[in-house]
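Count residues from 1 along the sequence.
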Amino acid sequence: MAAWAGVELWALNPLRTLWFTLAAAFLLTLLLQLVPAGLLPDCPLFQDLIRYGKTKHAGPQRPAACQAFDIPKRYFSHFYIVSVVWNGFLLWWFSRCLFLGAPFPDWLHDLLRILGAAQFQGDADHAAFCIAGGELALSSFLVMVFLWLHSLRRLFECIYVSVFSNAVIHVVQYCFGLLYYIFVGLTVLSQVPLDGRNIYVIGKNLLMQARWFHILGMIMFIWSSAHQYKCHVILSNLRRNKAGVIIHCNHRIPFGDWFEYVSSPNYLAELMIYISMAVTFGFHNVTWWLVVTYVFFSQALGAVLNHRFYKSRFVSYPKHRKAFLPFLF
């Protein structure tokens, strides 16, 4: 076993605590939404905070005070601008440290240590650490690249593919989305094995640490991303004519690709993208599985609300479609 000065496998650190808390909060919220209507008192503010876009208007009557905090849903692009810039910055520093042997800046190293980054201690089990550290360094680098590419693609889709209506999100949801992409990038970087302010395994040893799960994770990432893009194109085309011109902003029943199985396949693809990153980490990264758990419950919540919207809006909505997981849920 490698000599780490960080946490044990199942020990909590600030990042694990954050993702565990978020996952638990969204699980509770999802369970509350599954309770039959009328059994629990209705809270307009709570409903306003968990709904966005079309599901916000499909919920209970919104107080005027809540509407004062509305922000256009098209501001989703701001999330990906922040992610492309911030996580691109982290990826740049990561690359310098990994391939050139440059140390992390003091402020970033201190921040990573506070968040729970593992630190190498001495020469005990040096060979085992070198192997494990190399695999983890490569895994973290690939996941950071995946995260940056995912954000870049989503930014492209927000600008050139998606057709936004006058739907809105709450200012709290907007702030949460901005902070999310900052912390998810730091979560990836905190998985890197550190030796002081340096990454323990530098670039010349990196490719020698490539494993089968790196290839599998990359294939899953490309496959999931392609399906998510296709689903977003299908949604966009519902509001365009054959020439690609936007003709309306109404909601219609989408068909094709994963829409044949679930109401929110773009949410399912988002989950699969994060699972592909967990695979890239070698299946055993507890911190990232907590991120995946949060993504699962948050996307499931949105999928349930979308499913109810479609079923209430369209009497001919396909009865075989599930909300989030094909054939199951």
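- W289 and L147 fall within a single hydrophobic cluster, where Ile, Leu, Val, Met, Phe, Trp and Tyr side chains are chained together by heavy-atom contacts under 4.5 Å.
- Geometrically, R96 engages W92 in a cation-pi contact, judged by NZ or CZ lying under 6.0 Å from the ring centre and within 45° of the ring axis.
- Other residues, nucleotides and ligands place no more than 12 heavy atoms under 6.0 Å from the CZ atom of F69.
- Y174 is listed as a side-chain neighbour of F79, based on a closest heavy-atom distance under 4.5 Å.
- Of all the heavy atoms in S77 and L155, the pair that sits closest is O-CD1, 3.7 Å.
- The two residues T280 and G217 have their closest heavy-atom pair at OG1-CA, 3.3 Å.
- In terms of the side-chain contact (heavy atoms from CB on, under 4.5 Å) criterion, residue partners of A243 (sequence neighbours excluded) are, by chain and number, N241, V245.
- No donor-acceptor pair closer than 3.5 Å links the side chain of R240 to the backbone N or O of I246.
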- Task: Show your reasoning for whether side-chain contact (heavy atoms from CB on, under 4.5 Å) applies to L271 and Y267.
- Result: CA-CA 6 Å; L271 173 65; Y267 295 174; over 6 Å; no
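- Side-chain N or O atoms of W148 include none that pairs as donor or acceptor with a backbone N or O of V85 at under 3.5 Å.
- Using a 4.5 Å heavy-atom threshold, the side chains of V168 and I71 count as separate.
- Looking only at distances, a side-chain donor or acceptor of S276 sits under 3.5 Å from a matching main-chain atom of I273.
- Under the 3.5 Å distance criterion, the side-chain polar atoms of E270 are left unmatched by any main-chain donor or acceptor of N266.
- Residues Q228 and H150 have side chains in contact (heavy-atom distance under 4.5 Å, counting atoms from C-beta outward).
- Note: the hydrophobic cluster containing L290 does not contain I114 (ILVMFWY, side chain heavy atoms under 4.5 Å, direct or indirect links).
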- When you look at F329 and K322, which way does the side-chain contact (heavy atoms from CB on, under 4.5 Å) test go after all the steps? CA-CA 5 Å; F329 172 68; K322 300 298 182 180; 5.7 Å; no
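- In this structure, L108 and L189 have side chains that are in contact, with non-hydrogen atoms separated by less than 4.5 Å.
- Residue Y317 comes nearest to S263 through the heavy atom pair OH-OG, 2.5 Å, listed as atom of the first residue, atom of the second, then distance.
- Considering every non-hydrogen atom in both G185 and N87, the closest pair reads CA-OD1, 3.0 Å.
- Note on ring orientation: taking the six-membered ring where Trp is involved, the planes of Y261 and F327 are perpendicular (angle over 60°, cut-offs 30° and 60°).
- Put simply, V143 and I219 are part of two different groups of oily side chains (I, L, V, M, F, W, Y) that touch within less than 4.5 Å, one to the next.
- Listed for the N285 side chain is a donor-acceptor partner under 3.5 Å among the backbone atoms of T287.
- Considering only heavy atoms from C-beta on, S236 stays 4.5 Å or farther from S162 through its side chain.
- Put simply, OG on S140 and CE on M277 are 12.0 Å apart, with the number rounded to the nearest 0.5 Å.
- Transitive grouping of hydrophobic side chains (ILVMFWY, heavy atoms separated by less than 4.5 Å) brings I275 and I222 into a common cluster.
- Ring geometry, W107 versus F89: the interplanar angle falls under 30°, so the pair is classed parallel (tilted spans 30 to 60°).
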- Item | Derivation and outcome, ring-ring contact (aromatic ring centres under 6.0 Å, His included), residues F324 and W258 | CA-CA 10 Å; F324 187 48; W258 289 357; over 10 Å; no
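- Between L194 and H109, the shortest heavy-atom contact is CD1-CD2, 3.9 Å.
- Checking side-chain atoms of Q173 against main-chain N and O of H170 turns up a donor-acceptor pair under 3.5 Å.
- Residue V171 is grouped with residue I169 when hydrophobic side chains (ILVMFWY) are merged at heavy-atom distances under 4.5 angstrom, including chains of intermediate members.
- Atom CG of L45 is separated from atom CD1 of I50 by 10.5 Å, given to the nearest 0.5 angstrom.
- Checking T187 against W19 by side-chain atom types alone, a donor-acceptor pair falls below 3.5 Å.
- Residues I253 and S316 form a side-chain contact, since some pair of their non-hydrogen atoms from C-beta on lies under 4.5 Å apart.
- Checked by atom type and distance alone, the side chain of W86 pairs as donor or acceptor with a backbone atom of I182 at under 3.5 Å.
- When all heavy atoms are compared, the tightest approach of L91 to V145 is CD1-CG2, 3.9 Å.
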- side-chain contact (heavy atoms from CB on, under 4.5 Å) between Y274 and W288, worked out: CA-CA 9 Å; Y274 279 83; W288 197 256; 3.6 Å; yes
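- Cation-pi check for R321 over F255 is met; the charged atom lies under 6.0 angstrom from the ring centroid and within 45 degrees of its normal.
- The aromatic rings of F26 and F176 are tilted relative to each other, their planes meeting at an angle between 30° and 60°.
- Distance check: L30 CG to F296 CZ gives 8.0 Å after rounding to the nearest 0.5 Å.
- R239 places a side-chain N or O within 3.5 Å of a backbone atom of N250 that can act as its donor or acceptor partner.
- Between the OH atom in Y294 and the CG atom in L18 there is a gap of 9.5 Å [rounded to 0.5 Å].
- For residues 231-253, the pairs satisfying ring-ring contact (aromatic ring centres under 6.0 Å, His included) are H251-F309, with sequence neighbours left out.
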- Derivation of the side-chain contact (heavy atoms from CB on, under 4.5 Å) call for W223 and H227: CA-CA 6 Å; W223 174 71; H227 276 286; 3.2 Å; yes
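- The distance from the CG atom of L115 to the OG atom of S190 is 6.5 Å, given to the nearest 0.5 Å.
- With a 6.0 Å radius and a threshold of 12 heavy atoms from other residues, nucleotides or ligands, Y180 has its OH atom above the threshold.
- Between the side chain of S298 and the main chain of V295, a donor-acceptor pair closer than 3.5 Å is present.
- Distance CZ/R113 to CG/N13: 10.5 Å, rounded to 0.5 Å.
- The aromatic rings of Y160 and F156 sit tilted relative to each other, their planes meeting at an angle between 30° and 60°.
- In this structure the side chain of F164 reaches within 4.5 angstrom of the side chain of C158, judged on heavy atoms.
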- Task: Evaluate ring-ring contact (aromatic ring centres under 6.0 Å, His included) for W93 paired with F141, printing each intermediate quantity in order.
- Result: CA-CA 11 Å; W93 266 111; F141 178 74; over 10 Å; no
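- The shortest distance between side-chain heavy atoms of F281 and L142 does not fall below 4.5 Å.
- T55 places a side-chain N or O within 3.5 Å of a backbone atom of Y52 that can act as its donor or acceptor partner.
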